[in-house]
Structure formats: C-alpha cells, structure tokens
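A short worksheet on the structure shown next.
Computed from a predicted model, the values in this text were never measured in an experiment. Just so we're on the same page: letters track the sequence lines, and every chain starts at 1.
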Number of protein chains: 2
Amino acid sequence: MTYSLVSKMRSGEMKLEDVIAFAENEGFDAIELLMFDFSRPTGEIKTMLENHQMKISCINAFVDLAVQQEDTHSDNIALCQQIIDKAVELSAPMVMLVPAIPQFIASEEDKQKGLPRIISALQKITPYAESKGVVLTIENYPALQTPFCSVAEVTNILDQVPGLKLTFDYGNMLVAGEDPLKAYEMLKKYTVNVHLKDWQFVTEETETQSVDGRYLKSVAHGQGVMDYSSLFTKMVSDGYEGYCSFEYEGELDAIDATRQGMEHLRKQLDQVMARGLHH
Amino acid sequence: MTYSLVSKMRSGEMKLEDVIAFAENEGFDAIELLMFDFSRPTGEIKTMLENHQMKISCINAFVDLAVQQEDTHSDNIALCQQIIDKAVELSAPMVMLVPAIPQFIASEEDKQKGLPRIISALQKITPYAESKGVVLTIENYPALQTPFCSVAEVTNILDQVPGLKLTFDYGNMLVAGEDPLKAYEMLKKYTVNVHLKDWQFVTEETETQSVDGRYLKSVAHGQGVMDYSSLFTKMVSDGYEGYCSFEYEGELDAIDATRQGMEHLRKQLDQVMARGLHH
C-alpha cells in the first residue's frame with residue numbers, strides 16, 4: 001500500500017498518517033510499509049496505527065546484501081537485524097527484503113558475484129528473524145539484472161536458506177518471461193505474502209523491460225494482462241491465508257487508481273467466492 | 001561513457017575491457033567509470049586502461065550520505081574516502097558523488113532531513129579529497145526528490161562545502177524546470193566536468209518527470225531539445241578546460257546511439273570553433 005503511495009509521499013502531498021488514514025477509509029486490513037529511515041522512532045508510527053486501527057502486514061526494505069566489501073556486508077546484515085527488531089516493535093509479522101540495490105548491479109559479472117553474498121547473508125539473517133518470531137521473505141523482483149527475478153532464481157535462493165519465505169509478486173513474473181499462474185503453482189509452497197499489480201505491454205520505453213525485450217507499464221487493475229480470476233480461484237482452492245497487498249505504480253493519480261483497482265480485484269474475488277459457494 | 005554502456009554490461013554483452021576498447025576506437029580521450037564494486041582490485045583496471053591507452057576522467061559513485069543512522073553515515077563517509085583512494089590508484093583526477101540513493105528518498109520529509117546529513121558528510125569528505133589531489137564533485141541529478149536537482153539546490157550545497165565542485169549536467173537541468181543555458185551561466189564558476197545528453201519531452205510515462213509534470217526521454221544527440229551549439233559557444237568563449245562526457249540512456253542500441261550522438265556533437269563543436277576562427 002505505502003509502496004503505491006510513495007509518489008504522493010515524495011511530493012509531500014501525503015504524510016505517513018494520511019496514507020494510514022486512507023487505507024483505513026478504503027477498507028484495507030493492513031498496510032505494507034516501505035521503510036528507508038530505520039532510525040525513525042517506532043513510537044510515532046505505533047500511535048498513528050492505533051489512531052486508525054490499522055496494522056502493518058509487512059515491512060519492505062532494500063538492503064545491499066550483494067556488496068563485495070566485507071565490512072559493508074557485515075554492516076548490512078546487522079541493519080537487517082535492526083529491521084527485524086523494528087518489525088517486532090511494530091507488531092509486523094513479516095519483513096520483505098529486496099536483498100540488493102538493483103541499480104548497483106551493473107554487469108552480468110556483478111550479478112553472478114552478488115548471488116553467493118546474498119545467500120550467505122540471508123543464511124545469517126533468517127535464523128535471527130525466526131528467533132524473534134518474524135517471517136523473513138524475499139520478492140521476485142522485476143529487474144532482470146537482479147539474481148532473484150525468475151522462478152528458477154528465487155527457488156535457488158529459497159532452497160539454500162532454510163526458513164526463508166517468498167512474497168510472491170504475480171505481475172513481476174512477466175518480467176522473467178514466466179507464465180504467472182504456473183509460477184504461482186511452482187512457488188506456492190514458499191509463498192506467505194502476495195503482491196497484486198497489473199501490467200500492460202507497451203511499445204514505448206519504460207523502466208521495466210521483460211526478458212524478451214518488451215516493455216511493461218503499470219496500469220489500473222483490470223486494464224492490463226494479469227488474470228486475477230484464475231489466480232484467486234487457485235488461491236481460494238489452496239486455502240491461502242496470507243495477505244494480498246495492492247500495488248500500483250502507474251501514471252494515474254494513486255488514490256483514483258487504488259479505488260478503481262480495488263473495485264476490480266474485489267469483484268474478481270467475489271465472483272470466485274460465489275462460484276465456490278455454488279459447488 | 002561507461003554509464004551509457006551500463007545496459008550492455010548488465011546484459012553481459014560487454015565487459016569493462018570491451019567498453020574501454022570501444023571508447024578508444026571511437027576517439028574518446030577518457031572514460032567516466034560508474035563504480036559499484038569498490039573492492040574490485042585496481043590492478044586489472046589499470047592494465048586494461050594501459051592496453052588501450054585510455055584514461056579515467058572521473059569515477060562516479062552513488063553513496064547514501066543522506067542516511068539518518070549515525071553508524072551507517074560514518075561508514076558511508078569512510079566509503080567515500082576509499083573511493084577517493086581508488087581514484088588516486090587509477091590516476092583519475094576527479095570523483096563525482098551522487099550523495100544519496102534517489103530511490104531511498106520516499107517523502108518530502110526525507111528530502112529535508114537528508115540535506116543537512118549530505119552537507120555535513122561532504123564537509124568531511126572534500127578536505128580528504130583535496131589532501132589526495134582529487135577533485136570532488138556532485139552532479140545536478142535528474143530526480144526531483146533529491147535535494148540536488150535545481151540550480152538553487154546545488155548552489156546551496158556547493159556554497160556550504162568549500163572545495164566541492166560541480167559536474168554540470170546540461171540536460172538534467174530540464175528536470176528542475178531550469179533554462180539549461182542560464183543554468184550553465186549560474187553554475188559555471190563551480191563547474192569542472194560536463195555531462196552531455198539529449199532529451200525529448202514525451203507524453204508517455206518515463207522514469208524521468210520534470211517539475212511541471214512532463215516526462216523526459218533520452219534520445220540520440222541532435223534528436224532532442226538540447227541546444228548544443230549555444231552551450232559550446234559559451235564554453236569555448238569561457239575557455240572551459242575540463243572534460244565533456246557523453247551520455248545516452250535511451251532505447252536505441254547504445255553503440256549506434258554513441259556514434260550518431262558523437263557525430264552530432266562533434267559537428268556542433270566544429271561549427272563553433274570555425275566561427276571562432278573567422279572572428
């Protein structure tokens with residue numbers, strides 16, 4: 001949620017409490033908090049959450065665990081432990097790490113050298129999270145230069161880090177050229193959190209390029225190529241019990257896009273549930 | 001240069017030595033090196049440079065000096081000192097810092113809180129660079145959330161950090177809504193390095209949005225709105241003696257775009273020089 005409203009926070013149009021209030025008014029159960037300033041006192045955030053009876057479902061953070069320098073690598077592992085401590089303070093059940101700074105991966109060689117650094121760091125951080133009762137996740141990220149974009153790439157990491165789980169981003173799977181529904185099937189055993197966005201393929205250049213060279217653009221849910229009816233059918237049938245987190249990063253006003261997108265998603269889910277009841 | 005070929009390095013299509021060889025073949029005097037892995041041994045890079053009789057004009061690095069946590073702030077200041085040491089080892093006369101991670105500035109509040117952190121860090125790093133004979137610069141960066149985008153913003157920082165200089169990016173000035181030629185005039189007393197790109201205003205969403213809400217897209221030099229004839233006339237008349245660094249970040253093949261763009265820029269410069277000779 002907050003992720004989707006970052007543009008409004010950047011421009012100063014909304015502050016964190018405005019975002020929390022908006023989420024409350026729109027009927028969300030919780031927000032995902034993208035955190036950059038880990039020295040921010042948790043007290044004020046807790047008060048805002050209490051004022052609006054809102055919870056944090058997951059704290060998202062970008063931390064460079066691919067870095068080659070030993071001292072920075074150790075510092076960044078310690079930073080992840082601080083983030084987990086913040087999650088405990090904020091009663092957030094989960095942390096999602098983007099375990100590299102995508103812009104810092106400047107070559108195929110960087111990608112290959114970064115991967116074992118990421119894995120060894122996550123092998124240290126995950127037991128720490130477990131000891132604190134926090135679930136640690138990574139996300140399949142929509143940038144081909146990161147070594148955690150495709151099904152094979154995230155599976156490789158997850159299989160080497162016991163206890164690490166997945167925030168499954170349905171739309172992001174298009175970047176790696178995956179069939180998103182098949183990707184869901186292959187990754188559901190790791191999945192504890194789900195991100196929902198919609199994409200459209202466009203001819204003009206955008207920030208996001210898929211493996212076949214086509215560009216992707218974030219559009220309001222229902223306007224793009226993502227099939228939410230099929231995903232929800234599978235998730236309901238699988239008894240998925242985690243959160244679904246709404247994401248929008250396009251050019252529409254984020255408030256309008258959230259309302260429009262949520263209406264579409266709720267309709268899809270209602271239809272799936274209604275079909276389930278008829279059987 | 002390397003910046004412009006980062007896409008080819010990310011995909012694995014080119015390695016650093018290929019980039020250096022390309023720069024040599026295209027008649028460049030030097031390359032700008034965007035560095036992320038500061039633990040990479042300088043010996044191998046020096047050998048590549050010697051093999052192709054190429055120099056490094058400037059090392060570019062993104063370092064988060066806006067970070068609020070004290071220990072990370074100190075570590076990142078130390079990292080900048082290491083980068084300056086690398087510049088000495090590589091005989092690079094200059095370092096250009098992007099002194100915050102633009103993606104990490106998530107709110108107007110982050111921007112305001114980050115600025116004094118950046119200034120205090122640069123006040124420590126600049127004397128270190130001077131003691132090593134390296135010129136430290138910042139760039140006017142094309143993202144409005146950074147506190148170093150507009151003429152007023154970069155001037156504010158430069159005036160508070162004695163010895164700090166500017167890598168002037170002519171095209172980036174459009175992001176802050178500045179007249180790029182007037183910006184050149186206002187900033188030339190700080191300018192020791194110049195970045196040359198061309199932009200086109202487009203209606204579709206891109207990564208780069210200007211202060212008036214319009215989107216900018218990188219295009220081959222000569223295809224966009226930047227007036228290089230006027231800039232070169234001023235620079236020649238001012239006796240500018242620094243490097244001009246070619247940048248291209250668009251959707252054309254970077255090799256083709258470099259050749260096409262450089263042909264345009266060389267023609268503009270030749271015309272300016274020829275006019276100069278006739279006077």
Using a heavy-atom distance cut-off of less than 4.5 Å, which residues of residues 208-223 of chain B contact chain A?
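Within residues 208-223 of chain B, the residues that come under 4.5 Å of chain A (heavy atoms only) are Tyr215(B), Lys217(B).
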Can you list the residues of residues 73-81 of chain B that sit under 4.5 Å from chain A, counting heavy atoms only?
Asp75(B), Leu79(B)
Heavy-atom pair count under 4.5 Å with chain A, highest-scoring of Lys15(B), Glu109(B), Gln103(B):
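Looking at each of Lys15(B), Glu109(B), Gln103(B) in turn, Gln103(B) comes out on top.
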Electrostatic pair Asp110(B):Arg10(A) at N-O distance under 4.0 angstrom
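No, no charged N to carboxylate O under 4.0 Å.
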Per-residue contact mode, [X] against chain A (heavy atom under 4.5 angstrom):
X: Gln145(B); answer: side chain
X: Leu144(B); answer: neither
X: Asp71(B); answer: side chain
X: Glu13(B); answer: neither

Contact leader toward chain B among Glu108(A), Gln69(A), Gln68(A), Gln82(A), where contacts are heavy-atom pairs under 4.5 Å
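The candidate making the most pairs under 4.5 Å is Gln69(A).
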Can you find a pair of side-chain heavy atoms, one from Lys113(B) and one from Asp37(A), that are under 4.5 Å apart?
yes
Parallel under 30°, tilted from 30 to 60°, perpendicular over 60°: which one fits the rings of Phe36(B) and Phe104(A)?
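Rings of Phe36(B) and Phe104(A): parallel, as their planes differ by under 30°.
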Measuring heavy-atom distances to chain B, does Lys8(A) have an atom under 4.5 Å in its side chain, in its backbone, in both, or in neither?
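It is neither, since no heavy atom gets under 4.5 Å.
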